[in-house]
Amino acid sequence: MKELPKAYDPRTVEDRVYKSWEQRNLFAAKEDGKKKPYSIVIPPPNITGILHMGHALNNTIQDILIRFKRMQGHESLWMPGTDHAGIATQNAVEKDIAKENLRRQDLGREEFIERVWKWKEEYGSTIIHQLKKLGASCDWSRTRFTMDDAYSRVITDVFVRLHGKGLIYQGNYIINWCPRCHTALSDEEAPRKELQGSLYYFKYPFKDDAKKYVMVATTRPETMLGDTAVAVNPKDKRYKKYIGQTLILPLINREIKIIADDMVDKKFGTGAVKVTPAHDPNDYAMGKKHGLEFVNVMHPDGRMNENAGEYKDMDRFEARKVILKDLKEKNLLEKVEPHQLSAGHCYRCHTIIEPYLSKQWFVKMKPLAKPAIDAVKKGKIKFYPARWTKVYLNWMENIHDWCISRQIWWGHRIPVYYCTQCEEVIVSNARPDKCPKCNSEALEQDPDVLDTWFSSWLWPFATFYWPFSEGDEKNKTEFEYFYPTNVLVTAQEIIFFWVARMIMAGFEFTGEIPFKDVYIHGTVRDDTGTKMSKSLGNVIDPLEIIGSFGADALRFSIISITATGQDVFLSPRRFEIGRNFANKIWNATRYILTTFQNDINVDLCVYAKAASLKTVDKWILSRFFSALKDITESLDNYRFNDAASRIYEFFWHEFCDWYIEFTKLSAGEKSTQIILYKVLEKSLRVLHPFMPFITEELWQNLPHERDPIMISSWPHLQKQFISKELEDDIEGVIQVITAIRNIRSEWNIDQRTEIKVVLSYKQPKHGNILKDLEAYIKKLCRVKALEIGKGIAKPSHSAYAAPQMAEVYIPLEGIIDFEKEKSRLIKQKQEVVKRLEVIAQKLKNKNFMERAPKDIIEKTKLSETGFKSTLKRLEENLKDLS
RNA sequence: GGGCGGUUAGCUCAGCUGGUUAGAGCGCGUGCCUCACAUGCACGAGGUCAGAGGUUCAAGUCCUCUACCGCCCACCA
């Protein structure tokens, strides 16, 4: 037998173990009619991504599920892949070429795209390697990329289908514009953040009488250059008389009308609002309604344009300052108030977005949302924790159309072609040879690309390359087998971005749900509660943790401290839990292996002959199987931290602390060896989904040649071994031992001093158990002589230490403070009697349940069977007490 | 303006369907290098479960309100 090192060193194990799995091709999943499928699609990380704690948590959870289900006999498929991450990747590559003093415009579109692909080849799979470090058991042979040809075909297909159904349209609207990335963004990509800004009050003079004016208030003074009206509420007495009159827009000297609109809030600002239809969504709506002029005053990069008069080419914020100065000089700036406002920020570069009028492509969302809402309402898709259901429904019911075109280069080109001759718009899967209308060959493809999420929302089925071309039986069969997937594991941040849209796409294109469950885990934060992010510099690098503590330690720690759906606060020290536990598992196994001596060829199946087992053997089996039951249930309910702490508790504090210590008395005996072995190997299997590396390594060190633990089976629950009575008995013995140790410690009796203990008991049952386990007590408490008998010791504490041999008299019933215990029992008994009386009275009233009004039953929350079972339990309690 | 989460030991947090004496890890105190493990072992101290009402035979757990902390959504110029 190999000698195992004294401390577990993950660095010598993990890579080797992972490679062995890969070599045996254990990750591959295939259609297998005999097995039930279990499938998960990974939330595809960005190719620009590097593994952070959020990934670590997210992927550990998925890997636990996948490994658990695989062991339970399912055909487990974890579909991996990466996302091309349009803006993020383009930004990264632009940064990269900036080192060569190049902008993307210098390279031109084609060459730039080539550079992105090259960049992708070099860095794009970093995150995949890091996921392997974490132990992820994805089917890597299927690794998808959202820009792959096959995947891209799905996207084009979907675009054409939606357009055909009238669900995609093009139009001029106010969208979120990032002046730095030069692209439109969806609402979800432009989250609003609170800003400390100002509210500026301007005077707009009347045309007829320059001394009179209307005062307006704004937070974005620079947009005033594009004002084409001033709006007031029609019911506002202050302004009613001015409606229809003409004002002169200062600085620009444009004539603008005063209009009336219900949208104007009388109470805000001055009650009169400047209207800039080209730079504000509300004003846009008003502009459409009132037929106003749309004056765009900005370049796409955020500088003012030719419509801005003398402010042309100034940056928008520079222009703001100058305009304020000029207005002040003209005595038109009344006052400035501090004002809390919120403005959209680009989710990629954090630049303040500009509401900007431009022509974009949109998806009509309302029709898509309907089936997706119904599915969740009917429980076809369940959220865990359930509270997210409401968040999802609320968003879905107020859904807005989705702006899907982006003015960047890296992404899926929009499959739309324009005829330069007759301006025909052609939507087509492939580039048409000529214009169907005028036969011209001068066709130009729309320069824009699609929102990255337009590819992600197809992920659950596009990864199977749906829709299937004729003869593509392989993908079709697999799709039918593995789809819908079982669960989607993700963080709350992308419920709207991604989860909701996937559900809509699932129904629209496959007619089915894309997944049955959605498990939303918490956000990873640092120990002060701040979200971890690179820019804040508060990240804990998972790879560093893996480097020093090991992947298993990382996995186990993060799982056991993350309660279902709660955010998790991390500091590096918290990973010691997992490291220490791994070391414990290592050493327990190491110890058990030494007990096998040379005779390892024991008949390992005979443990079923329970009759020949010792009490402690039966006890540990009982404890194991009840732990197994709990853990299996917890995993089935996505209660990962419960499962992790349960196995931790069992393995460390029951198996190691007590059972292994018990067995040291009978280490050479065959039955002891068998049970030690059995419980160990079963525990390793239960631990495997949480800590795959160390369990595989130890498994391979167990006697006999064996297949990897990764493809072993989840232990079979054997209920007949679970015995509550037996567990209580040993629990009692453990209490006795603890009490003796306690006395030893309290009286400062040195560990080396041998003592004599006299135990007395009242209940014969206890006495028998104690006698049965006398040797264990003596060994674990270092007791030289132990006397057990009825009524030997007095019914109170009486013990003393002698110089040579301490003698300790302990009445068993008095291990816990006898008087206190007695009064507690009496009190408890009285309470039980009281409860019994009340409940019995209610039951006696035979027709109670029928006669009771519904709301009372509701209120008491007790059904008739509830009453009866309560009664039964209380009666049992009473029996025990007598 | 809506919605959600949190408030339990010195710290970080568990506690699912209400039911014996409210738990863990870390930290702290005492004693141990006991031949698997000092990444360890044994023992211990430490909690009026944010506050106030209510429902119930029984409330950390359910209901109502209040306070503080945090998050999300919204067309607050």
Side-chain angles (χ1 to χ4, degrees), chain A residues 4 6-8 174 191-192 199 216-220 223 231 263-265 267-269 272-276 280-285 339-342 355 385 387-388 390-391 394-395 398 400 492-493 495-496 522-523 527 529 531 549 553 557 560-571 573-574 576-577 579-595 633-634 637 639 641-642 645 648-649 656-657 660-661 738 741-746 748 750-752 780 782 816 821 824 828 831-832 834-839 841-842 859-862 870 873-874 877 880:
Chain A
L4 295 175
K6 195 170 165 182
Y8 173 56
I174 298 273
R192 301 184 84 92
L199 191 57
V216 297
T218 182
T219 55
R220 293 189 297 150
T223 62
M263 264 171 75
V264 179
D265 179 358
K267 284 178 229 125
F268 189 90
V273 53
K274 57 190 269 317
V275 182
T276 325
D280 183 277
N282 284 324
D283 296 6
Y284 175 83
H339 183 71
Q340 189 91 348
L341 65 124
S342 65
R387 70 183 129 93
W388 294 110
K390 218 171 153 183
V391 176
N394 184 47
W395 186 76
N398 297 298
H400 291 96
Q492 60 195 53
E493 290 99 26
I495 292 179
F496 306 139
T523 306
D527 53 1
K531 190 174 160 180
F549 292 169
S557 303
S560 51
I561 61 185
T562 307
T564 312
Q566 283 306 124
D567 287 356
V568 53
F569 292 35
L570 285 181
S571 71
R573 292 216 57 190
R574 308 209 67 184
E576 290 173 8
I577 305 171
R579 179 199 55 178
N580 296 354
F581 188 40
N583 197 52
K584 191 75 184 176
I585 298 167
W586 183 262
N587 276 293
T589 308
R590 204 161 65 93
Y591 168 72
I592 291 169
L593 288 179
T594 64
T595 66
E633 276 172 16
S634 294
N637 291 299
R639 302 185 63 86
N641 64 322
D642 284 350
S645 7
Y648 179 92
E649 175 68 21
C656 292
D657 285 355
I660 290 183
E661 293 306 320
T738 307
R741 284 171 172 172
N742 177 2
I743 286 169
R744 194 193 256 285
S745 167
E746 226 169 74
N748 289 323
D750 187 272
Q751 293 219 352
R752 280 158 297 230
L780 291 178
R782 292 161 182 269
I816 311 163
E821 183 70 356
R824 191 182 68 82
Q828 195 181 345
E831 249 173 53
V832 170
K834 203 174 100 198
R835 287 177 196 180
L836 271 174
E837 277 166 3
V838 174
I839 293 168
Q841 190 59 44
K842 287 191 176 173
K859 237 176 163 182
T860 55
K861 284 183 186 164
L862 277 175
T870 308
R873 196 175 56 244
L874 291 174
N877 281 359
D880 286 352

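If you're wondering where the values come from, they're calculated on a predicted model, not measured in any experiment. So you know, we letter chains A, B, ... as the sequences are listed, proteins then strands, and number each from 1.
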Steps toward side-chain contact (heavy atoms from CB on, under 4.5 Å) verdict (A:Leu4, A:Leu593):
CA-CA 9 Å; A:Leu4 295 175; A:Leu593 288 179; 3.9 Å; yes
Given side-chain contact (heavy atoms from CB on, under 4.5 Å), test A:Ile561 with A:Ile577 step by step and report yes or no.
CA-CA 10 Å; A:Ile561 61 185; A:Ile577 305 171; 3.9 Å; yes
Decide yes or no on side-chain contact (heavy atoms from CB on, under 4.5 Å) for A:Phe268 and A:Val273, but give the supporting numbers first.
CA-CA 9 Å; A:Phe268 189 90; A:Val273 53; over 6 Å; no
Set out, in order, the CA-CA distance, both residues' side-chain angles and the distance that settles side-chain contact (heavy atoms from CB on, under 4.5 Å) for A:Arg741 and A:Leu780, then state yes or no.
CA-CA 9 Å; A:Arg741 284 171 172 172; A:Leu780 291 178; 3.9 Å; yes
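Residues satisfying the ring-ring contact (aromatic ring centres under 6.0 Å, His included) test with A:His400, not counting sequence neighbours, are none. The ring-ring contact (aromatic ring centres under 6.0 Å, His included) check on A:Tyr591 picks up nothing, with sequence neighbours excluded. Taking the ring-ring contact (aromatic ring centres under 6.0 Å, His included) definition, one finds that A:Phe581 meets it with A:Phe556, A:Tyr648, sequence neighbours left out.
An OP1 or OP2 oxygen of B:G40 is reached within less than 4.0 angstrom by no side-chain nitrogen or oxygen of A:Asn583. Put simply, A:Arg573 has a side-chain N or O that comes within less than 4.0 Å of OP1 or OP2 on B:G27.
Checking A:Arg590 against A:Glu576, the closest nucleotide of RNA chain B that is more toward the 5' end is the one next to A:Glu576. Checking A:Arg579 against A:Thr218, the closest nucleotide of RNA chain B that is more toward the 5' end is the one next to A:Arg579.
For the pair A:Lys274 NZ and B:C76 C1', the computed distance is 15 Å after rounding to whole Å. Rounded to an integer number of Å, the gap from CD1 of A:Ile577 to C1' of B:G27 is 13 Å. Going from atom CG of A:Asp642 over to atom P of B:A14 covers 11 Å, rounded to whole Å. Regarding A:Lys6, its NZ atom lies at a distance of 9 Å from the C1' atom of B:A36, rounded to whole Å. Spacing between atom CG of A:Asn398 and atom P of B:C73 amounts to 13 Å, rounded to whole angstrom units. A:Asn580 has its CG atom 7 Å from the P atom of B:C26, to the nearest Å. Rounded to a whole Å, the CD1 atom of A:Ile561 is 10 Å from the C1' atom of B:G25. Spacing between atom CG of A:Asn641 and atom C1' of B:C16 amounts to 11 Å, rounded to whole angstrom units.
When side chains are defined from C-beta on, A:Ile660 counts as touching A:Ile592, because their heavy atoms get closer than 4.5 Å.
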Below 3.5 Å between N/O atoms, which protein atoms pair up with nucleotides 41-43 of chain B? Just atom names and distances, please.
residue : atom : partner  : partner atom : Å
B:C41   : OP1  : A:Lys584 : NZ           : 2.8
B:C41   : OP1  : A:Trp652 : NE1          : 2.6
B:A42   : O3'  : A:Arg741 : NH1          : 3.2
B:C43   : O2'  : A:Ser745 : OG           : 3.3

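Distance noted for atom C1' between B:G5 and B:A45: 34 Å (whole Å). The separation of B:U39 from B:C49, taken at their P atoms, amounts to 38 Å, rounded to a whole angstrom. The separation of B:G70 from B:U55, taken at their C1' atoms, amounts to 30 Å, rounded to a whole angstrom. Distance noted for atom C1' between B:C11 and B:G27: 7 Å (whole Å). Here the separation of B:U17 from B:A74, taken at their C1' atoms, is 36 Å to the nearest Å. When the C1' atom is used for both B:U61 and B:U56, the distance is 13 Å, rounded to whole Å. Taking the C1' atoms as reference points, B:G60 lies 14 Å from B:A9, given to the whole Å. Between B:C73 and B:G54, the distance separating the two P atoms is 40 Å to the nearest Å.
The main-chain N or O of A:Tyr8 is found under 3.5 Å from a side-chain atom of A:Asn583 such that the two form a donor-acceptor pair. Without hydrogens or angle criteria, A:Asn637 side chain to A:Glu633 main chain gives a donor-acceptor distance under 3.5 Å. Between the side chain of A:Asn641 and the backbone N or O of A:Ser560, no donor-acceptor pair lies under 3.5 Å. Of the possible donor and acceptor atoms, one in the side chain of A:Asn587 sits under 3.5 Å from a partner among the backbone N and O of A:Lys6. Using modelled atom types, one side-chain atom of A:Arg192 and one backbone atom of A:Ser342 make a donor-acceptor pair closer than 3.5 Å.
Counting non-hydrogen atoms under 4.0 angstrom, A:Glu633 reaches nothing in the nucleic acid. Using a 4.0 Å heavy-atom distance criterion, A:Phe496 is classed as a sugar-phosphate-only contact. Residue contacts for A:Thr219: at a heavy-atom cut-off of 4.0 Å it reaches the sugar-phosphate backbone alone, with no base atom in range.
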Dot-bracket notation for RNA chain B, counting Watson-Crick and G-U pairs under 3.5 Å, with | for partners on another strand:
(((((((..((((.....[...)))).(((((.......))))).....(((((..]....))))))))))))....
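A salt bridge links A:Arg220 to A:Asp280: at least one charged side-chain nitrogen sits closer than 4.0 Å to a carboxylate oxygen.
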Using a 4.0 Å heavy-atom cut-off to protein, can you give one letter per nucleotide of nucleotides 2-10 of chain B, 5' to 3': B if the base is in contact, S if only the sugar-phosphate is, - if neither?
-SSSS----
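Closest contact between the side chain of A:Ile660 and the listed nucleotides B:A14, B:C73, B:A36 involves B:A36. Checking B:G25, B:G40, B:A77 against every side-chain atom of A:Val264, the shortest atom distance belongs to B:A77.
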